[in-house]
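These numbers come from a predicted model, not from an experiment.
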Amino acid sequence: MAKWNKDKKVLDHEHTQFWKFDLKDVVEPNLQKDVFPYDEVCRIDFDHKIMSINPAEEMFITDTTFRDGQQARPPYTVQQIVDLYTLMSRLGGPNGVIRQSEFFLYSPKDREAVERCQELGFRFPEITGWIRASAEDVPLVKQAGLKETGILTSVSDYHIFLKLNKNRKQALDDYLGVVKSILDTGIRPRCHFEDLTRGDIYGFCIPFAIELMKLREETGIDIKIRLCDTMGYGVTYPGAALPRSVDKLVRAFIEDAGVPGHLLEWHGHNDFHKAMINATTAWLYGCSAANSTLLGLGERTGNPPLEGLIIEYISLRGDQNGIDTTVITDIANYFEKEIGVRIPASFPFVGADFNVTRAGVHVDGLIKCEEIYNIFDTTKILKRPIVPMITDKSGKSGIAFWINVHLGLKEDNAVDKRHPGVTRIHKWIAELYDAGRMTSISNGEMEKRVRKYMPELFLSDLEKIKFMAAQAAVSVVNQVIEHPVMKTMKPELQEPIMQQFIEENPSIQFAYVVDMNGRKTTKNITNIADRAKYENYGVGTDQSDREWFIKPLQSGKIHVTNFYISKMTGALCISVSSPIVDEKDEMVGVFGVDIKFEDWVKRVEDIAEATQIALREEYEAKSKSDRWI
């Protein structure tokens, strides 16, 4: 009979849909040693037949992170599986670009993970199972409430003869028996054609697929076939021969076995660095599903990275179809921070340095126009701003650019190349290279220097206010303690100097001096409005238990306290205190000031936060005192 081929727009001649290829049962295994000599590197042979691309009508991604991905590392915890599954759903979006994810079903932990993910109620990715080609495993799928399961159906003679100790007819009958038992439960089977790229394609694989399509017609239940490039032998070269040719494999199943492209899935491994290109080539020749794992983590060399297929999907389709690419960075962060996986720094899209440029000339180009040396807007698409790597060729502009990009500083908050901290970092870098350094400055090294020379960039809003207030006070305190009169420790000479200091700095509520025993020797020098009330408060009292006295005495350095509530005024304060030294550079006392913090704060929220900190400090101090008693 003649049947219309809607793709080729002509009538195809065929007597019946399944007449062409019968199983070739053999006595000895066909190991194809001319292509796969074990003691040498395998061969790539050609038949010189060129296939035209014929893309799948619908392309989508499937996942095996919780099956194949767990065969490459310590098993994920149930919570980690739930979290990664949730991130995967966000990444693939509501249209199911990430269509399915397969799970083990054997252990109580496996089944708990399935149940927890089912409870989330996500439409995509659909949860599917994986079992051996054994009828006794089928109830596991039914009990889990799944609509589809994978079945391990190895197809190469390496597996059939050498592993299973069967012949092709026995293997085929066993596989079909398990498929029928699954169909009897109403569940969709997905046959994993293990080691396909070493199989006898027309002697076993296509005849097996034809039998599966017969069962599909009889039952009305779809049967999927996973094309498993188990050892990564697949190649995409034009004119390459079977069984290694990806394009010819896909077209053989579609055209010679009658398997619709939407029921085919490519599953590859990266043994020969071809996992990604093989998967996307399968798309281009009619296979709808490309199987993957997060970060490409899978058995041996791994699988196509799911995040890589996401980017490739968008490249081929020209639109995102609901994909949220920024979740790729969330997934990478989760693997590193929660699971402890160390992602190689240069790994595409997720490595710490994947969009880092080191060459000085490239940094100059980035400053002028980011598009010159960035693959796309990584800030928008991946939440990953482009960051140049610093060398002695970067200059102050490059250093400022690194700081602004690394810390997300923009417009008025951006650091200028004339910032003193930038100058210090630039000098430090020059000294390193003058001493013979040859490598670039790492992000970690840069961050340490920025923290050292520009600490204010790493503070919260409240900490920044405290930092600015303390810096202002420290500057004036340094001037006061250097005055010759302060070194005399004579209150009648010190107090006028301190009064002048208060009048010039109205946010400072009190200034005072204590001797080396912690006894207050001066009045509380304050503004005129508070003078009558507080001037003589505490003169001669013992202040030796106060933090602002103890710390300078121990370190010989200026000290800034945390927030506290003043016992005298009830105001929210911080104190800055410094040693007073005489002409012999010996410590003779401590000079302290109390800063009224409310004068520096505009936001009510900041005052509330600082007050909470002060109350907590007071409570903890009292708790320590009570324990001592």
Quiz prompt | Residue pairs involving residues 256-284 (criterion ring-ring contact (aromatic ring centres under 6.0 Å, His included); sequence neighbours excluded) | solution = Tyr233-Phe272, His267-His269

Quiz item: Counting heavy atoms not belonging to Lys383, are there more than 12 under 6.0 Å from its NZ?
Solution: yes

Quiz item: Salt-bridged, Arg251 to Asp256, with N to O below 4.0 Å?
Solution: no

Quiz item: Which residue, Arg216, Arg188, Lys147, forms the salt bridge (Lys or Arg N to Asp or Glu O under 4.0 Å) with Asp222?
Solution: Arg216

Quiz item: Hey, mind stepping through Leu249 and Leu242 against side chain to side chain contact (heavy atoms under 4.5 Å, CB included) and telling me if it holds?
Solution: CA-CA 7 Å; Leu249 281 170; Leu242 290 171; 3.7 Å; yes

Self-check item: For Lys274, all residues meeting side-chain hydrogen bond (donor to acceptor under 3.5 Å, both in side chains), sequence neighbours excluded
Solution: none

Show me the side-chain donor-acceptor pairs of residues 54-62 shorter than 3.5 Å, one per line, residues at least two apart or across chains.
residue, atom, partner, partner atom, Å
Glu58, OE2, Arg99, NH2, 2.7
Thr62, OG1, Glu265, OE2, 2.3
Thr62, OG1, Asn291, ND2, 2.8

Exercise. Go through the side-chain N and O atoms of Gln79 and Asp83 and say whether any donor and acceptor fall under 3.5 Å apart.
Key: yes

Quiz item: Is Ile386 close to Thr379 at the side-chain level, that is, under 4.5 Å between some pair of heavy atoms?
Solution: no

Exercise. Under the salt bridge (charged side-chain N to carboxylate O under 4.0 Å, His left out) rule, what do Asp174 and Lys166 come out as? Steps first, then yes or no, please.
Key: CA-CA 10 Å; Asp174 289 348; Lys166 297 178 180 180; 2.4 Å; yes

Quiz item: So, do Phe66 and Met88 sit near enough that their side-chain heavy atoms are less than 4.5 Å apart?
Solution: yes

Exercise. Return yes if some donor-acceptor pair links the side-chain N/O of Glu194 with the main-chain N/O of Leu152 below 3.5 Å, else return no.
Key: no

Quiz item: Any idea which heavy atoms bring Pro243 and Gln32 closest together, and the distance?
Solution: CD-OE1, 3.4 Å

Quiz item: Take atom NZ in Lys410; do more than 12 heavy atoms of anything else shown fall under 6.0 Å from it?
Solution: no

Quiz item: Does the side chain of Thr64 come under 3.5 Å of the side chain of Glu102 through a donor N or O and an acceptor N or O?
Solution: yes

Quiz item: Do Thr329 and Asn333 have a side chain donor and acceptor closer than 3.5 Å?
Solution: no

Quiz item: Looking at residues at least two apart in the chain, or sitting in another chain, which of them share a side chain to side chain contact (heavy atoms under 4.5 Å, CB included) with Asn95?
Solution: Asn321

Practice problem: Ignoring hydrogens and angles, tell me if any N or O in the side chain of Arg111 forms a donor-acceptor pair with the backbone of Leu105 under 3.5 Å. | Solution: yes

Quiz prompt | Option from Ile44, Thr197, Asp45 for which side chain to side chain contact (heavy atoms under 4.5 Å, CB included) with Val35 holds | solution = Asp45

Quiz item: Salt bridge between Asp229 and Arg244, side-chain N to carboxylate O under 4.0 Å?
Solution: no

Quiz item: Does atom CZ of Phe376 have more than 12 heavy-atom neighbours from other groups under 6.0 Å away?
Solution: yes

Practice problem: Ignoring hydrogens and angles, state whether a donor on the side chain of Asn443 or Trp402 is under 3.5 Å from an acceptor on the partner side chain. | Solution: yes

Quiz item: If we ignore angles and hydrogens, is there a donor and acceptor under 3.5 Å between the side chains of Tyr158 and Asp195?
Solution: no

Exercise. Please determine if Glu211 and Lys214 form a salt bridge, counting it only when a charged side-chain N lies under 4.0 Å from a carboxylate O.
Key: yes

Quiz item: With a 4.5 Å heavy-atom cut-off, do Leu215 and Leu176 have their side chains touching?
Solution: yes

Quiz item: With a 4.5 Å heavy-atom cut-off, do Leu196 and Arg226 have their side chains touching?
Solution: no

Practice problem: Please step through side-chain hydrogen bond (donor to acceptor under 3.5 Å, both in side chains) for the pair Thr378 and Asn374, ending with a clear verdict. | Solution: CA-CA 8 Å; Thr378 51; Asn374 204 12; 3.1 Å; yes

Self-check item: Parallel, tilted or perpendicular: ring planes of Phe208 versus Phe193, cut at 30 and 60 degrees
Solution: parallel

Which donor-acceptor pairs under 3.5 Å do the side chains of residues 339-352 make with protein atoms, sequence neighbours left out?
none

Quiz item: Between Lys248 and Asp47, does at least one N-O distance fall below 4.0 Å, as a salt bridge requires?
Solution: yes

Self-check item: Any Ile81 side-chain heavy atom under 4.5 Å of Arg116 side chain
Solution: no

Quiz item: Are side-chain N/O atoms of Glu338 and Gln80 paired as donor and acceptor at under 3.5 Å?
Solution: no

Quiz item: Would you say the side-chain atoms of Asp63 and Ser101 include a donor-acceptor pair closer than 3.5 Å?
Solution: yes

Quiz prompt | Under 3.5 Å donor-acceptor, Thr293 side chain and Thr65 backbone | solution = no

Side chains of residues 135-143: which donor-acceptor pairs under 3.5 Å do they make with residues two or more places apart or in other chains?
residue, atom, partner, partner atom, Å
Asp137, OD1, Arg132, NH2, 3.0
Asp137, OD2, Tyr106, OH, 2.7
Asp137, OD2, Arg132, N, 3.4
Asp137, OD2, Arg132, NE, 2.8
Asp137, OD2, Arg132, NH2, 3.2
Lys142, NZ, Thr185, O, 3.1

